[in-house]
Amino acid sequence: MRILLVGLLLLVLATGLAILHRRRKRRSRARPRGDSTVVMYTASFEAIRRGQRVLLPEHVVLAALCDRRVATLVASVGASAASLRRELTRHLAGPREAPTDLATLELSPAANAIADRAWSRSVSWRGPSPIDLVVAAQAAGERCFAAALLTRACPDLDQASRKPPRAPERSNHAGELVEIVFWNDDVTRMEAVERLLVDCFGMDEVEATHFMLTVHLAGSAAAGPYPPDVAAGLLARATQVARERGMPIRITLGPAAEEMGFTWATEPARAEEARGGELRAPRSS
């Protein structure tokens with residue numbers, strides 16, 4: 001009788017452990033992959049737009065440099081994210097009229113190795129950050145153009161990333177810099193948001209895609225910061241163009257929501273100084 005009870009107890013314990021393992025496995029599959037998801041999606045869209053069938057490290061780094069924190073980190077070691085992006089853009093094949101189908105896009109071995117290194121480097125349960133991806137790309141070897149570019153421009157990137165600089169505090173008090181926030185909805189088309197960002201904020205295709213995906217996945221994204229009068233003008237222009245195009249998207253002044261624990265913008269604070277003090281002005285339609 002005692003042996004039977006012990007056997008039943010062991011059976012119940014084994015069943016419980018099996019259920020627990022299955023639940024953990026299911027949770028791990030559904031675990032958020034972090035804000036690097038936006039970077040990888042942006043990189044994929046850029047490869048498709050350029051008619052390339054393989055996702056390269058250059059696509060990943062090009063997309064990651066659109067992230068505010070990456071741009072701020074790169075600036076802290078004396079480099080310019082905008083300059084790095086221009087070099088990567090010149091290196092990659094030019095856009096084609098017939099983009100590649102998403103179903104045919106493959107991850108190159110080098111890009112796959114970067115993702116693995118970023119995951120091993122990450123300390124967040126959400127997965128690797130865009131900073132993790134860039135630092136991992138820098139270790140891809142001299143034969144990788146993106147790695148060689150990062151090593152030449154910012155060799156101390158890994159060390160600097162251990163204590164990344166804080167993003168500037170946002171404020172909407174009079175006389176201080178403010179941001180323009182785009183909020184996600186279930187009606188506005190992604191392509192329409194991208195075109196609005198290009199036409200009204202002077203973003204290029206990669207920046208616009210990165211920003212649009214941020215809005216889509218995080219719920220909101222902030223562009224800027226700008227002086228209040230400039231921000232008000234950009235807001236009025238963007239809202240007018242959006243309504244003329246039948247877009248119900250909500251655009252406001254102030255900080256973006258941090259529902260997923262992170263926010264983005266296309267450039268770090270004071271990035272306008274790197275362009276000779278000129279703020280991006282809206283394009284005429």
Side-chain angles (χ1 to χ4, degrees), residues 30 32-46 48-49 63 66-69 71 95 99 101-102 126 130 167-168 170-174 176-269 271-272 279-285:
R33 300 187 67 84
D35 40 345
S36 60
T37 302
V38 172
V39 172
M40 297 305 293
Y41 274 139
T42 303
S44 300
F45 287 172
E46 182 63 12
I48 292 171
R49 189 175 70 86
C66 294
D67 184 273
R68 162 181 288 172
R69 290 156 301 173
D101 186 2
L102 178 61
R126 294 182 182 275
R170 304 183 180 96
S171 176
N172 57 2
H173 297 295
E176 297 186 6
L177 298 177
V178 295
E179 294 176 322
I180 300 176
V181 184
F182 284 68
W183 301 88
N184 188 41
D185 61 64
D186 297 328
V187 179
T188 307
R189 294 178 59 84
M190 294 182 179
E191 298 82 359
V193 176
E194 287 184 89
R195 182 47 47 192
L196 181 67
L197 293 168
V198 170
D199 293 343
C200 294
F201 289 83
M203 297 185 188
D204 58 35
E205 297 289 344
V206 185
E207 288 177 308
T209 300
H210 183 276
F211 196 95
M212 175 273 296
L213 288 171
T214 299
V215 176
H216 179 67
L217 295 177
S220 66
Y226 305 101
D229 55 339
V230 175
L234 286 171
L235 174 64
R237 169 65 175 165
T239 302
Q240 176 187 358
V241 173
R243 298 301 175 262
E244 290 175 353
R245 297 176 180 178
M247 302 167 57
I249 188 170
R250 185 163 68 98
I251 312 173
T252 63
L253 293 179
E258 298 190 14
E259 298 174 0
M260 297 177 69
F262 44 81
T263 57
W264 289 268
T266 56
E267 294 182 323
E272 65 273 11
L279 288 166
R280 287 184 171 175
R283 296 180 180 178
S284 57
S285 58

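Quantities reported herein were computed from a predicted structural model and do not represent experimental measurements. All residue numbers in this chain count up from 1 along the given sequence.
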Arg189 meets the salt bridge (Lys or Arg N to Asp or Glu O under 4.0 Å) criterion, sequence neighbours left out, with Glu191
Output all residues satisfying salt bridge (Lys or Arg N to Asp or Glu O under 4.0 Å) with Glu205, sequence neighbours left out; order by chain, then residue number. Arg195
So does Val241 get a backbone contact from the side chain of Arg237, meaning a donor-acceptor N/O pair under 3.5 Å? no
State, to 0.1 Å, how close [X] and [Y] come at their nearest heavy-atom pair, and which atoms those are.
X      : Y      : value
Trp183 : Ser220 : CE3-CB, 3.6 Å
Ala63  : Ala43  : CB-N, 3.7 Å
Ala192 : Met247 : O-CE, 3.6 Å
Cys200 : Ala238 : SG-CA, 4.0 Å
Ile251 : Leu196 : CD1-CD2, 4.2 Å
Asn184 : Val215 : CB-O, 3.2 Å

Please round to the nearest 0.5 Å and tell me the distance separating atom [atom1] of [X] and atom [atom2] of [Y].
X      : Y      : atom1 : atom2 : value
Leu235 : Glu179 : CG    : CD    : 13.0 Å
Leu217 : Tyr41  : CG    : OH    : 7.0 Å
Thr37  : Leu213 : OG1   : CG    : 10.0 Å
Phe211 : Arg68  : CZ    : CZ    : 9.0 Å

Run the side chain to side chain contact (heavy atoms under 4.5 Å, CB included) check on Asp67 and His210 step by step: do they pass? CA-CA 8 Å; Asp67 184 273; His210 183 276; 4.2 Å; yes
Quick one: list whatever passes side chain to side chain contact (heavy atoms under 4.5 Å, CB included) with Ala231, sequence neighbours left out. Val178, Ile180, Tyr226, Leu253
Side chain to side chain donor-acceptor pair (under 3.5 Å) filter on Thr209, not counting sequence neighbours, yields Glu194
Thr239: side chain to side chain donor-acceptor pair (under 3.5 Å) partners, not counting sequence neighbours: none
Any salt bridge linking Asp199 with Arg245? Criterion: basic side-chain nitrogen under 4.0 Å from a carboxylate oxygen. yes
Heavy-atom check, side chain of Leu197 versus side chain of Phe182, under 4.5 Å: yes
